[in-house]
> 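Just dropping this structure here.
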There are 4 protein chains.
Amino acid sequence: MIENLAPAPSKREIASEKRRKHILEAAIACFIDKGFHQTGMRDIAARAEVSIGNLYNHFPGKHDFLIGLANMEGEMIAPFIEHLEVDGLANETFSAFLQDYWVIVSDKDVAILTAEITAEAMRMPDIAKQFLEVRRSLALALSSLLEKGITQGIWRPSGDPLHTANFILDTIECAADRQAMDKTSAQAQLAHLEVFLSSSLGVSCNN
Amino acid sequence: MIENLAPAPSKREIASEKRRKHILEAAIACFIDKGFHQTGMRDIAARAEVSIGNLYNHFPGKHDFLIGLANMEGEMIAPFIEHLEVDGLANETFSAFLQDYWVIVSDKDVAILTAEITAEAMRMPDIAKQFLEVRRSLALALSSLLEKGITQGIWRPSGDPLHTANFILDTIECAADRQAMDKTSAQAQLAHLEVFLSSSLGVSCNN
Amino acid sequence: MIENLAPAPSKREIASEKRRKHILEAAIACFIDKGFHQTGMRDIAARAEVSIGNLYNHFPGKHDFLIGLANMEGEMIAPFIEHLEVDGLANETFSAFLQDYWVIVSDKDVAILTAEITAEAMRMPDIAKQFLEVRRSLALALSSLLEKGITQGIWRPSGDPLHTANFILDTIECAADRQAMDKTSAQAQLAHLEVFLSSSLGVSCNN
Amino acid sequence: MIENLAPAPSKREIASEKRRKHILEAAIACFIDKGFHQTGMRDIAARAEVSIGNLYNHFPGKHDFLIGLANMEGEMIAPFIEHLEVDGLANETFSAFLQDYWVIVSDKDVAILTAEITAEAMRMPDIAKQFLEVRRSLALALSSLLEKGITQGIWRPSGDPLHTANFILDTIECAADRQAMDKTSAQAQLAHLEVFLSSSLGVSCNN
DNA sequence: TATGAATGAGCCTTCATTCAT
DNA sequence: CATGAATGAAGGCTCATTCAT
């Protein structure tokens, strides 16, 4: 199998890519601390320990940090998609997913970033697109799991699985947001959530 | 019942209150158009056809427009609470509520404002408090309805009703947000949502 | 005769107009010192002893200082037009004009500003228009004088008077520019210029 | 006549010289398009398809592009000096010169560059020197022609020929500048100019 | 030579807010 | 109550130049 028809990245390119990531992480840290609009390029530069001008060698403008952030959220989501596709009993897979996913999205930083991105996405189609794309692939994977669960006789069929998957994710994410604003115990909330979702998936009649 | 222990508002006070509302509406219109941070006091003043200085006679600062907005969202929600408390079959009341509420929250302007407030609330406790309070009273009303439905034998009990109520609202609101970013038909989405939520509420076993 | 249908300017408007002029003069002083592009809004604000932000209450942007400057050059030129229109022998009027005009345009500051404006006008049609308009009215006045001189039998007719007028002004102004770059005596230069222009106007054949 | 005491340039030096010229031309193209101050080193590098850093291997700084430009204007003028020195009737030589020179200086790009240089020269003595030197040699050549014309009995003597020569060039160049800002026909303007200058040179009395 | 990442002062402009009128 | 000129810090971004590779 032939790969890498493109020339291998030079040392310099690798270093540059590292720097880019380093700067992006600094930017995200700022966004968590102060919010996107309250963060200045100066803040990012200071946090990344890089000159302001150099920021622009790696990101064309402030907007692009948002895109970078959306991409990064995508990367954060990717492993969950894989988890949903492993073999096994659907309800067990789902339960594991729910716990892991909840840990991530109910994290205050993540919730803050998500809120930030959501608000921006309302006004910037490119961000929205990126955001929805990631979301869509996660929903697709969950949808497959739901179908498997129905096939396995674990859940009873009810409505279109893709929509159901989306609603489930909605519930989780929005609950996580409330969590971040409030101070309730995240652990307790998770238990309630599990009950709610189990119920919404129903149980096979032959149970 | 005793009301109005305070002296009746004078004509001047009424006029001032009107002006305040007028300005707040202008501010909100700006927030919808451009977002909170992108809106300047100048924009608001221009839209309200009022001088910049005069803005400060009615609102101590920019932040207070956000509080005003959160209040207004509260007022928008209030009638729904009443709706949930009317007599009748719980599932019918719920269905009516769902439709009406969906119309409101899936409106793009409302979604934009909600996203804006949510993002700000993450960083501003007073906004979060206001926001969560409104949310809490709506959830309480819905929770009562759920209990009534269970009493009426319409739904089967499942988990804590208050949490369930919150999750239901989460699902609706988060779905509405996706709606606002995407372009799918809101009507179709509502149908799917209804199926999902019905399912999550279950049906009484003796049906 | 009815005038002033428009309301008289209020005290505040008068003060504002004064301030505007004050700021414009500061800007022009900066342009003379450092050139338009080398002058920052900070320089202007400092020189006018005004805050940077306040600059923008009187001029929408940096560009507008250039327009203001072009206007001011127009005002500077206006009296010369009147001088050209006084009664008397054309050659005497012309001689007086030449001396007075030379004093102005061979002034180093004026030459610098003119060069600055000319360069900008090449790229900004609105500046060019303003500049050419002023120039045109001066040329028209001079043209009238030339015709009068011919009528008076002082000069012999030669070519279109308006073009001749323009060429005469060209010669004066361009010579003044060279003057400003070089260090030759302005006075001597003026004498030579007078000879040249007299010659180009010719003398009536019946002399 | 001995030339080239310096060692012949090596191949590498020739290539470097070519590169230098290539870059300078790119810079000038930028100056025409956007103006000196609006042109960044990045623009020049991009236009020359050369790296920014490499620019500095050929020109010590941005200022030096201006010097290079002034030199190039000098090279552009050189052939005109030769033209003025050919044998023949002075008025015919002059007429030919006027036409050719007008074609050059009334070209919009040239006018733009000249305005740009003039404005800068006001503030930078080295540019002014270079500029005036070129101008001076052209004026000298024209002056010689004027003297020849007088000797030939074509023109009547009037004032110092060198000053006259300078004034003639002033008229041509300044008229060309107006031309570049305005949109009048350059051809028509040339005809008027010829009349004006002929007149200013006068005709010998014995004609 | 040739490259382009790195620098940080500087650019023009906008900001929320104040206050004399 | 109403006005809008005044403030000056901060906004995102560009600049000419350097230098390790």
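Below, read A as the first sequence line, B as the second, and so on, with proteins coming before strands; counting in each chain starts at 1.
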> Report the distance from atom NE2 of His22(A) to atom P of dA6(E), rounded to the nearest whole Å.
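Rounding to the nearest Å, NE2 of His22(A) and P of dA6(E) are 10 Å apart.
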
> Going by distance alone, is a donor N or O of one side chain under 3.5 Å from an acceptor N or O of the other, for His37(C) and Glu120(D)?
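Side-chain D/A pair, His37(C) to Glu120(D): absent.
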
> Using only atom types and a distance under 3.5 Å, with no angle test, would you say the side chain of Asp43(B) pairs donor to acceptor with the backbone of Gly40(B)?
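Here the side-chain-to-backbone pair exists.
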
> Have Glu17(A) and His22(A) got a donor and an acceptor in their side chains that come within less than 3.5 Å?
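Looking only at side-chain atoms, His22(A) and Glu17(A) do not form any donor-acceptor pair under 3.5 Å.
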
> Just how far, in rounded Å, is C1' of dG4(F) from CD of Glu49(B)?
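From Glu49(B) CD to dG4(F) C1': 16 Å.
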
> Which nucleotide sits closest to the side chain of Asn57(A): dA2(F), dA6(F), dT7(E)?
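The answer is dT7(E).
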
> In whole angstrom, give the distance that lies between atom CG of Leu55(C) and atom P of dT7(F).
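These atoms are roughly 10 Å apart.
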
> Measure CD1/Ile23(D) against C1'/dA2(E) and give the value in whole Å, please.
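Rounding to the nearest Å, CD1 of Ile23(D) and C1' of dA2(E) are 10 Å apart.
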
> Within this structure, what is the CD1-to-C1' distance between Ile14(A) and dT21(F), rounded to whole angstrom?
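It is 15 Å, rounded to the nearest whole Å.
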
> Measuring from Asn71(C):CG to Leu66(C):CG, what's the distance to the nearest 0.5 Å?
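Going from the CG atom of Asn71(C) to the CG atom of Leu66(C) covers 10.5 Å.
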
> Is a side-chain donor-acceptor pair under 3.5 Å present for Asp64(C) with His58(C)?
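No donor-acceptor contact under 3.5 Å links the two side chains.
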
> For each nucleotide in nucleotides 12-18 of chain F, reading 5' to 3', give B when a protein heavy atom comes within less than 4.0 Å of its base, S when such contact involves only the sugar-phosphate, and - otherwise.
BBB-BBB

> Evaluate side-chain contact (heavy atoms from CB on, under 4.5 Å) for Leu132(B) paired with Met181(A), printing each intermediate quantity in order.
CA-CA 8 Å; Leu132(B) 289 171; Met181(A) 279 187 248; 4.0 Å; yes

> Evaluate Phe65(B) against Leu55(B) for side-chain contact (heavy atoms from CB on, under 4.5 Å), listing each step before the verdict.
CA-CA 10 Å; Phe65(B) 285 110; Leu55(B) 244 46; 4.2 Å; yes

> In whole angstrom, give the distance that lies between atom CZ of Arg20(A) and atom C1' of dG4(E).
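These atoms are roughly 17 Å apart.
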
> Going through the checks in order, is the salt bridge (charged side-chain N to carboxylate O under 4.0 Å, His left out) test met by Arg123(B) and Glu116(A)?
CA-CA 11 Å; Arg123(B) 235 171 295 280; Glu116(A) 209 80 44; 2.6 Å; yes

> Rounding to 10 degrees, work out the angle separating the end axes of the helix from dA2(E)-dT21(F) to dT21(E)-dA2(F) (five pairs an end).
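Computed angle between terminal axes is 0°.
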
> Is His58(A) close enough to dA6(E) that one of its side-chain N or O atoms is under 4.0 Å from OP1 or OP2 there?
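For His58(A), the contact criterion (side-chain N or O under 4.0 Å from OP1 or OP2 of dA6(E)) is met.
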
> If you compare every side-chain N and O of Ser51(A) against the phosphate oxygens of dG8(E) (OP1, OP2), does one of them come in below 4.0 Å?
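So the side-chain polar atoms of Ser51(A) never come under 4.0 Å of the phosphate oxygens OP1 or OP2 of dG8(E).
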
> Does the cation-pi check pass for Lys62(B) over Tyr56(B), that is, NZ or CZ under 6.0 Å from the six-membered ring centre and within 45° of its axis?
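Pair Lys62(B)/Tyr56(B) does not count as cation-pi.
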
> Judged by each residue's nearest nucleotide on DNA chain E, which is more toward the 5′ side, Asn54(B) or Ser16(A)?
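Of the two residues, Ser16(A) wins.
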
